Amino acid sequence: MTQRLRPTAVLVAGLATAGLALSACGSDSLDSTSSSSSSSSSSSSTSQSVDPALAAKVPQKIKDAGTIVVGSDASYAPNEFIDTDGKTVVGMDVDLFNAVAAKLGLKAEFKNAGFDTIILGVTSSKYDVGVSSFTINDERKKSVNMVSYFNAGTQWAVKKGNPKKVDPDNACGLNIGVQKGTVQIDDLTARSKKCTAAGKPAIKQIIDADQSKVTASVISGKSDAMLADSPVGLYAVKQTGGQLEALGDIYDAAPYGFVVPKSETDFAQAIADALKAMGTDGSYKAILSKWGNDTGAITDFAVNP
């Protein structure tokens, strides 16, 4: 199982807009009924120089357009979320992919979409690429190429001081917040089955499509705890001004991947090679540091690892 996240400045503003919107991309689902938002952002990294060899691997239709259309669920701070202007998609993943696009001589145009609609959007050519904290797994690799760029796991969080004395290994009978469509739901379901098998009450999942609302449910006391992708969970702890605290260690770490059409292996490899170049010139780690996610850095950028 795995996860995803994003950032803003103030908790209230983040919850009201999308600052704390954290959209967990660890879900194994390849289809969905989630609706897409019409908001989008277009930006490029000016700190990257074009690599002609990599640019030559870009599909002609994208090269002609000069823009990579990117599907992203901008509710997963600090990985991808809506900025304070209410429309621009920003975040760690956004900065990373903008830098990749610049090395390919392109700009990236981000389209905000429901998380579980993005892979279908890539396979149907609605988007050229999917960038939304997608955990790489075998099910996804059946339909798309995935380029590894970051490592994340699951993190639990509770109200400061853990007033309900939550133990992730014994959460039977508790109300636990989780985002819809994420691998954390699978995690909670498995834990709940262990509870009922032992004659204990099941875990009640407090599910919401918006991670910011999951976070708010813990702060309000509606949920006793929540679990999310580690970058998202830790960012929420940081942004809530001491109202939350991390519980336990990060576990089930796995790589995130950029999603590329199955037929475009050369393009996927060009993206991997651009990441390798960023690893060499230091820009990759500089972006992670900006978002406080240095611990998720990887060195083995690869297609379908």
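Not measured: the values here are computed from a predicted model.
- When all heavy atoms are compared, the tightest approach of Ala74 to Asn112 is N-OD1, 2.8 Å.
- The number of heavy atoms from other shown groups lying within 6.0 Å of NZ (Lys204) does not exceed 12.
- No side-chain N or O of Glu109 forms a donor-acceptor pair with one of Thr67 less than 3.5 Å apart.
- Going from atom CZ of Phe258 over to atom CZ of Phe97 covers 6.5 Å, rounded to the nearest 0.5 Å.
- Among residues at least two apart or in separate chains, disulfide bond (SG atoms under 2.5 Å apart) pairs with a member in residues 131-242 are Cys172-Cys195.
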Review point. Given the rule in the side-chain contact (heavy atoms from CB on, under 4.5 Å) test, do Phe115 and Thr182 qualify, once you have shown the distances and angles that lead to the verdict?
Key: CA-CA 9 Å; Phe115 174 67; Thr182 66; 5.8 Å; no
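- The side-chain heavy atoms of Ile185 and Ile207, taken from C-beta on, include a pair separated by under 4.5 Å.
- Put simply, CG on Asn293 and CG on Asn151 are 11.5 Å apart, with the number rounded to the nearest 0.5 Å.
- Ala190 is linked by a side chain to side chain contact (heavy atoms under 4.5 Å, CB included) to nothing, counting only residues two or more places apart in sequence or in another chain.
- Between Lys103 and Met278 the shortest side-chain heavy-atom distance falls below 4.5 Å.
- Asp208 has no carboxylate O lying under 4.0 Å from a charged side-chain N of Lys222, or vice versa, which leaves the two without a salt bridge.
- Under the 4.5 Å side-chain heavy-atom criterion for grouping Ile, Leu, Val, Met, Phe, Trp and Tyr, Met226 is not connected to Ile206 through any hydrophobic cluster.
- Summarising the geometry of Lys63 relative to Leu106, their closest heavy-atom pair is CA-CD2, 4.3 Å, with the distance given to 0.1 Å.
- Not counting sequence neighbours, the partners of Asn304 by the side chain to side chain contact (heavy atoms under 4.5 Å, CB included) test are Lys141, Asn145, Met146, Lys262.
- Side chain of Arg191 to backbone of Asn170: no donor-acceptor contact under 3.5 angstrom is found.
- Listed by chain and number, the residues in a side-chain hydrogen bond (donor to acceptor under 3.5 Å, both in side chains) with Asp294 are Ser289 (sequence neighbours excluded).
- Residues Trp156 and Ala171 approach most closely at CH2-CB, 4.2 Å, considering heavy atoms.
- When Lys164, Lys159, Lys165 are each tested for a salt bridge (Lys or Arg N to Asp or Glu O under 4.0 Å) with Asp224, only one passes: Lys164.
- Comment: Asp138 does not engage Lys142 in a salt bridge, judged by the lack of any side-chain N to carboxylate O separation of less than 4.0 angstrom.
- At least one side-chain heavy atom of Thr215 sits less than 4.5 Å from a side-chain heavy atom of Thr240.
- With a 4.5 Å cut-off on side-chain heavy atoms, Thr154 and Ile250 do not count as touching.
- Remark: side-chain polar atoms of Ser223 are not paired, donor with acceptor, to backbone N or O of Val218 under 3.5 angstrom.
- Counted by atom type alone, Asn137 and Thr135 present zero donor-acceptor pairs between their side chains at under 3.5 Å.
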Check your understanding: Can you list the steps and then say if Gln60 with Asp64 is a side-chain contact (heavy atoms from CB on, under 4.5 Å)?
Key -> CA-CA 6 Å; Gln60 192 62 46; Asp64 291 344; 2.8 Å; yes
Practice item. Could you give me the CA-CA distance, side-chain angles and deciding distance for Ile82 and Val89, then say whether side-chain contact (heavy atoms from CB on, under 4.5 Å) is met? Key: CA-CA 5 Å; Ile82 300 296; Val89 182; 4.0 Å; yes
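- With sequence neighbours left out, Lys61 forms a side chain to side chain contact (heavy atoms under 4.5 Å, CB included) with Ser125, Asp128, Glu264.
- Here the side chains of Ile298 and Ser148 are in contact, with some heavy-atom distance below 4.5 Å.
- The two residues Val237 and Ala246 have their closest heavy-atom pair at CG2-N, 3.7 Å.
- In summary, Lys180 and Asp116 do not engage in a salt bridge, as defined by a charged side-chain N under 4.0 Å from a carboxylate O.
- One finds the CG atom of Asn98 at 9.5 Å from the CD1 atom of Ile68 (value rounded to the nearest 0.5 Å).
- When side chains are defined from C-beta on, Tyr127 counts as touching Lys111, because their heavy atoms get closer than 4.5 Å.
- Tracing side-chain contacts under 4.5 Å through hydrophobic residues (I, L, V, M, F, W, Y), one reaches Ile176 starting from Tyr251; they form part of the same cluster.
- With contacts defined as side-chain heavy-atom distances shorter than 4.5 Å, the pair Leu188/Gln184 does not qualify.
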Practice item. Quick one: do Leu96 and Val131 satisfy side-chain contact (heavy atoms from CB on, under 4.5 Å)? Show the steps, please. Key: CA-CA 10 Å; Leu96 285 173; Val131 177; over 6 Å; no
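- In this structure a side-chain-to-backbone donor-acceptor pair under 3.5 Å is missing from Thr117 to Ala113.
- Within the model, atoms CD1 of Ile219 and CG of Leu244 stand 4.5 Å from one another, a figure rounded to the nearest 0.5 Å.
- Lys57 contributes atom NZ, which lies 12.0 Å from atom CZ of Phe267 (distance to the nearest 0.5 angstrom).
- A donor-acceptor contact under 3.5 angstrom links the side chains of Tyr149 and Asp93, judged on distance only.
- Taking every heavy atom of both residues into account, Ser72 and Phe110 meet most closely at CB-CD2, 3.9 Å.
- In terms of heavy atoms, Lys285 sits closest to Ala297 at CE-CB, 4.2 Å.
- The side-chain heavy atoms of Val166 and Leu247, taken from C-beta on, include a pair separated by under 4.5 Å.
- Looking at Thr189 and Gln205, their side chains do bring a donor and an acceptor atom within 3.5 Å of each other.
- Note: Thr295 OG1 to Leu234 CG = 7.5 Å, rounded to the nearest 0.5 Å.
- Residues meeting the side-chain hydrogen bond (donor to acceptor under 3.5 Å, both in side chains) test with Asp273, sequence neighbours left out: Gln269.
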